[in-house]
Participant: 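Just dropping this structure here.
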Amino acid sequence: MTTDAGETPLTIDELAARAGVTVRTVRFYGSKGLLPPPVIGPRRVGHYGPDHVARLALIEELQQQGMTLSAIERYLKQLPHDLTPHDLAIHRAVVASWAPDAVDTVSRRELERRAGRPLTVEDLERLAAMNVVAGAGDDTFRVDSGLLRLGVQLLDVPLSQEVILAARKVLIEHSRAAAHELSQLFRGEVAERDAQDVRSLSAHMHPLVVQALLTTFQRSLREELGQWVTGSGTD
């Protein structure tokens, strides 16, 4: 794995600081094959790039969701090898959605710290329209921590707020339909099992189904956009 040409490479200390972990943790993940090796530069110094940062953030998120290192290793091995840092960030956002809703009340300063950037009035209005934040009075905000990162990324997407909200509606409707049909399918499989088996199957299937849906959607969207750009689509 290489560092991007437009990005300043990071040393292992800088990578650890960026990710909020220790150097020992970075080395441990590398020894387990969870992180790809760095690019070796002058004087045998390892250089890390945005893909290392994104993968490390995904690993930390998976751990926070209670996955063991062996489960994380299996999860990462099943990911396509050509994922970009942006793709990995999307996976992390989906993983974060497995957790129960986490809504915090924070100050404007804390909200901007979590967002990683200053937020204008227009930014706040767009985030509020996406149900990411809501005013709580006295310059404080209720923020959905699971959606904040994705919401902030959407601020830079060159689409109108109306289109983003319409896309959100489409995704919610189709996601609910897929979730309903899958739950009906699995319900028949576990109907005759005891409660412990059902919980075990649910714990294993949840991340696998999410990953399968995300990968399938990414490929389908790439094909649709490719047809649109080349003019080969029917619509």
Side-chain angles (χ1 to χ4, degrees), residues 1-42 44-99 102 113-117 132 144-157 203-222 225:
M1 187 170 291
T2 61
T3 58
D4 292 348
E7 296 283 345
T8 302
L10 305 172
T11 65
I12 190 170
D13 296 275
E14 292 169 334
L15 174 64
R18 177 80 64 87
V21 299
T22 65
V23 170
R24 182 178 180 181
T25 296
V26 174
R27 287 177 174 151
F28 175 73
Y29 289 159
S31 69
K32 292 293 184 180
L34 302 180
L35 277 180
V39 176
I40 303 301
R44 305 293 299 172
V45 175
H47 291 163
Y48 299 83
D51 40 9
H52 293 92
V53 176
R55 188 169 289 262
L56 187 55
L58 176 58
I59 293 170
E60 288 293 299
E61 189 66 53
L62 291 168
Q63 277 206 317
Q64 290 182 21
Q65 299 306 322
M67 291 183 68
T68 63
L69 285 176
S70 59
I72 292 174
E73 184 177 3
R74 290 194 299 271
Y75 180 94
L76 295 178
K77 283 183 177 180
Q78 293 171 357
L79 295 179
H81 296 293
D82 59 348
L83 290 185
T84 66
H86 179 69
D87 293 330
L88 290 169
I90 293 176
H91 273 271
R92 185 192 176 206
V94 173
V95 170
S97 71
W98 303 350
R113 187 193 70 79
R114 295 188 183 188
R117 57 186 281 181
V132 178
D144 188 325
S145 301
L147 291 177
L148 180 59
R149 181 178 295 271
L150 179 59
V152 170
Q153 289 178 335
L154 286 174
L155 294 177
D156 297 325
V157 175
H204 283 84
M205 290 305 298
H206 194 169
L208 293 177
V209 168
V210 169
Q211 180 180 325
L213 287 173
L214 179 58
T215 301
T216 303
F217 176 75
Q218 285 180 317
R219 291 175 178 171
S220 299
L221 183 59
R222 187 179 296 118
L225 292 177

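The figures that follow rest on heavy atoms only: side chains count, while hydrogens, waters and symmetry mates do not.
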Participant: Could you walk me through whether E60 and T25 pass the side-chain contact (heavy atoms from CB on, under 4.5 Å) check?
Facilitator: CA-CA 10 Å; E60 288 293 299; T25 296; 4.3 Å; yes
Participant: Verify side-chain contact (heavy atoms from CB on, under 4.5 Å) between F28 and L34, making sure each step is shown before the conclusion.
Facilitator: CA-CA 9 Å; F28 175 73; L34 302 180; 5.9 Å; no
Participant: Would you compute the distance between atom CG of L88 and atom NE2 of H52 and round it to the nearest 0.5 angstrom?
Facilitator: 11.0 Å
Participant: Return the minimal non-hydrogen interatomic distance between A19 and L56, and the atom names on each side.
Facilitator: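 In this case the closest contact between A19 and L56 is CB-CD2, 3.2 Å.
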Participant: Decide side-chain contact (heavy atoms from CB on, under 4.5 Å) for E73 and T68; before the verdict, give the C-alpha distance in whole Å, the side-chain angles of both, and the deciding distance to 0.1 Å.
Facilitator: CA-CA 9 Å; E73 184 177 3; T68 63; over 6 Å; no
Participant: If I compare all heavy atoms of P85 with all of A54, which pair ends up nearest, and what's the gap?
Facilitator: O-CB, 3.7 Å
Participant: Is the closest side-chain heavy-atom distance between R117 and D156 below 4.5 Å?
Facilitator: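 R117 reaches D156 side chain to side chain.
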Participant: Nearest 0.5 Å please: distance from the CD1 atom of I59 over to the CD1 atom of I72.
Facilitator: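 It is 7.0 Å, given to the nearest 0.5 Å.
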Participant: Is a salt bridge present between E14 and R18, judged by a nitrogen-to-oxygen distance below 4.0 Å?
Facilitator: no
Participant: Between G46 and I40, which heavy-atom pair has the shortest distance, and what is it?
Facilitator: CA-CD1, 4.1 Å
Participant: Hey, does R27 have a side-chain heavy atom less than 4.5 Å from the side chain of V23?
Facilitator: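 Yes, their side chains come closer than 4.5 Å.
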Participant: Are the side chains of I12 and Y48 in touch, meaning some heavy atoms are under 4.5 Å apart?
Facilitator: yes
Participant: State, with a plain yes or no, whether a side-chain heavy atom of L76 is found less than 4.5 Å away from one of L58.
Facilitator: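 Yes, side chains in contact.
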